[in-house]
Protein chains: 2
Amino acid sequence: MDLRAVRSPAMTDVAKLAGVSHQTVSRVLNDHPNVREQTRLRVRAAIAELGYRPNRAARALVTGRSQLIGIVAQNSTLYGPASLLAAFEQAAAEAGFAVSVGSVGRMDRESIAGAVERHLDQRVAGLVVIAPVASADDALDDMPDDVPLVTIDGDPARSRALVTVDQAAGARQATELLLAAGHRTVWHVSGPPDWYDAAGRADGWRSALEAAGAEVPPVVAGEWSASSGYAAGRMLARMPEVTAVFTANDHQALGLLRALSEHGRRVPDDVSVIGFDDVPEAEFFIPPLTTVRQAFDAVAQAGLELLLAQISDEAPLAEQIVIAPTLVARSSVGPPPHRV
Amino acid sequence: MDLRAVRSPAMTDVAKLAGVSHQTVSRVLNDHPNVREQTRLRVRAAIAELGYRPNRAARALVTGRSQLIGIVAQNSTLYGPASLLAAFEQAAAEAGFAVSVGSVGRMDRESIAGAVERHLDQRVAGLVVIAPVASADDALDDMPDDVPLVTIDGDPARSRALVTVDQAAGARQATELLLAAGHRTVWHVSGPPDWYDAAGRADGWRSALEAAGAEVPPVVAGEWSASSGYAAGRMLARMPEVTAVFTANDHQALGLLRALSEHGRRVPDDVSVIGFDDVPEAEFFIPPLTTVRQAFDAVAQAGLELLLAQISDEAPLAEQIVIAPTLVARSSVGPPPHRV
DNA sequence: GGATGCATTGTTAGCGATAACAAGCGCCGC
DNA sequence: GCGGCGCTTGTTATCGCTAACAATGCATCC
C-alpha cells in the first residue's frame, strides 16, 4: 500500500540522513555563515532527496512571526482596489511572501480593527492597509506599533510609511488639457467626498482652474458608479454652457457618455470628457475615453519595498512615496463648439 | 513606562488568572463538553480581562493545520475572477477562516503546482483552485489528496468537489431570447477556446440554435477583451444579414457596440446584442446591455460549504454543484429590422 | 460500605522549528 | 609547547498549544 501520507519529513529526518544535527540543517536553511561548504552540500542533498519543506507554523511559533503579509482592503470589485490587490499579491509572491487578505465591508474603525486583529492572530510579518477613505483614519491611530505597517492612500499625518498616487496632479493634467483645448472652464463630477482619491482629484481640478483664472463651477457630487455619472450627465446635458467635463473615474464617465448621447449631445463635438483610472475598456467607450492612468503595480511595488525594509531592518523608517499618474489621450476631447 | 509590548498573554497566563490549568483554558476555547459552567465563565472572564487571543501558529503546529484557506487563481483583473475572489474571501471570513491568495501568471501545470506548494507550506486547512482553463487540468491530477480541495470551474472528470456555473444554460437563454424576438439566427463572438466558460457559452448558443432549427453561423473567435469585441464588430457590422449577436462577455459587447455605432448600425433597431457577466456598468452601455448574470457569491458560498464539509468531516465527499445563471433583460434587444 | 462510573480537572508529552550555550578542533603567537 | 581564539557542530531549552492519559470527586448501585 501507499505510505505517502505517513508524515511529511521534518528537520530531524533531514539531519539523520545527512548525518548532522537538526540545528545544522536549520543553519543551512537560514543561510548562516560558519557552516562548512561540504556539510552544506550534504544537507542540501538530503533536503532534496526527502523533498523536505520547512514547517512554517513551527518557525512562526518560535520566531513569533510568519512569512505572511496581511492586506486589509475594502471588499470591492472596483477597478482601482481590485487592481491594487492583484498587483500587491504578485509582488509579494515574488519576494517569497504569502498574502492573506482581510477585507472589510465598510472602512470604519471597528471593521478595520477586526481585520487587523485577525491578521495579527496569524502572526503576519507585516501589514498593508489600503485606506483610501477618511473614515479609516481613526483606525490607523490604534494600529499596533510593533508590526511593520504600510498604508496605501491613507492620511499622511497618521501613517509612518505611506504610498499614494498624486491624484491632484492627474486631475490638474486633465483639467489643463481641456483648458488648453479652448474650453472656457471645466465641470467636475466628483467621487464620494470621504475618499482621499476623490478629494485629491477635486482639489487638482480646482487648482488648475484657479491657476488659469477660469471660473470654478459647482462640483457635481457623485459616487464611483456609472449610475451616478449617468445621473450627473442627465443634468449637465441640458446645460448648453457645459462643454467640458472631468469625471472622478471612468465608470462615471461611461454613465455620463450615455446621458449625453441620450440628450443628443455629441462627444467630443459638443462636450469633451475626461475620466480617471484607465480601465481596460475605456478605449472602447463611445467615443474612446481620454483618462488618467494610475500605475498600480508601481504602487504595490513601492509599498512592498517599504514593508520589507521595515521587516528586515527593524528600523521604523518613516518614508512616504508618491507615484505620479499619467494622462492617456484619446478622442473624447476636442475644442469647444463655436457658439458657446 | 508603557509595558504593553512585553509579551502578549499566553494560555498559561489566562489559566493562572482563572485559577485553572492551561488545559482547561484550551477546553473552553475549543468548546469541549465536560467543563463546568462556572469554570467556563471564570475562564471566559480571564480571557476577556487579559485580552487573550490564541496563537494560531502554535495551534497549527500541533494540529498540523491552520485556520487558513488557500486560493489559487489566475492573476487577473477580469470581472469574473476578481468577483469570485472577493466573494470567496468574504464567505471565508464569515466562517472564521483567513484567506491566503496565491495567484499565478498562467494556468499551466507548473505554475499551479508552485502556488499549491506555497500554500501547503502554510499548512492551509483547505485549498480552492479556480481553474477555468483546460490547461489547468493536468495540474489537478497531481493535487495532494490529503488536503481538502474544491475546484471552481474545472474539469468535472478530474475533480472530487467542484462548483461550476451552468454557462450553457445561460447562453441558451440568451440565444432563445433573441430567436423569440424574431431573429432568424444569432451570431456569436466567443471567448478564448481553452476556457471552460467560453466553451460552455458557445455550446449553449449552438444547442439553442439547433433546437430551434436555426442556421448556425460560424463562430467569431475572440478573447475576453473589449478590443476583441471591437474587432469582431468591425467585421459583423458590414454584414447586413447579422441582426443578433451574443458575445461571450460584457466587455466584448462593449467593443462590439462601439464598432456597430461607428458603422452606423443602431442597437437594437438594426442589431440586437446580448453579453454575459452583468458587469456593474452594463446598465450604462449605449444602449443598456441585456446580459446574463452569474451569481458569484452563490458560487463562493457553495464552494466554501463543500470545503468546510471536507475539513470537518474528513469524509472525501465527491459532490459537484452547479449554479444557474439568470438573464438580465435591458434594451439592447429588439425585433429584427423589417427587411432582412 | 466499597466498587463502579461519570463528570471534571490536572499532568505530561510532544508538534517542528530557532536561540543560546557548550564542546571539539585546528591554528596561532609567544 | 601551551593557552587562547575562531570556526564548526552538537545539546538543550523553549515558543504556545492540543492530545492522551491520570487523578480527583461525587453520585449511584448492590
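Convention: sequence-line order gives letters A, B, ...; per-chain numbering from 1.
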So for B:H32 and C:dT9, does any side-chain atom that can act as donor or acceptor lie under 3.5 Å from a complementary atom in the base? no

I need the A:I71 CD1 to A:H119 NE2 distance, nearest 0.5 Å. 8.0 Å

Does C:dG10 have OP1 or OP2 under 4.0 Å away from a side-chain N or O of B:T24? yes

Can you measure A:Q122 atom CD to D:dG16 atom C1' for me and round it to whole angstrom units? 15 Å

Salt bridge flag under 4.0 Å for residues A:R53 and A:D13: no

So which of A:V129, A:L162, A:T164 actually passes side chain to side chain contact (heavy atoms under 4.5 Å, CB included) with A:D153? A:T164

Without decimals, in angstroms, what is the distance between B:R123 CZ and C:dC15 P? 13 Å

Could you tell me the separation between the CD atom of A:Q23 and the C1' atom of D:dT12, rounded to a whole number of Å? 10 Å

Is any side-chain N or O of A:N34 closer than 4.0 Å to OP1 or OP2 of D:dC7? no

How many whole angstroms separate atom CG of A:N30 from atom P of D:dT9? 16 Å

Contacting residues from residues 47-65 of chain B, given that a heavy atom lies under 4.0 angstrom of DNA chain D: B:Y52, B:P54, B:N55, B:A58, B:R59, B:L61, B:V62, B:T63

Whole angstroms only, please: what is the CD-P distance between B:Q67 and D:dG16? 19 Å

Take the protein atom CZ of B:R27 and the nucleotide atom P of D:dG16, then report the distance between them rounded to whole Å. 20 Å

A:T39 vs D:dT9: side-chain N/O to OP1/OP2 distance below 4.0 Å: yes

How many Å lie between NE2 on A:H22 and C1' on D:dG10, as a whole number? 9 Å

Output for pair (B:S66 OG, B:R56 CZ), nearest 0.5 Å, gives 9.0 Å

Measure the CD-CD1 distance between B:Q301 and B:I323 for me, rounded to the nearest 0.5 Å. 9.5 Å

Would you say the side chain of A:P54 lies within less than 4.5 Å of the side chain of A:M11, judging by non-hydrogen atoms? no

For the residue pair A:N55 and B:R123, establish whether any side-chain heavy-atom pair is separated by less than 4.5 Å. yes

Which nucleotide sits closest to the side chain of B:R36: C:dG16, C:dT9, C:dA13? C:dT9

Find the distance B:M11:CE to D:dA19:C1' and express it as a whole number of Å. 13 Å

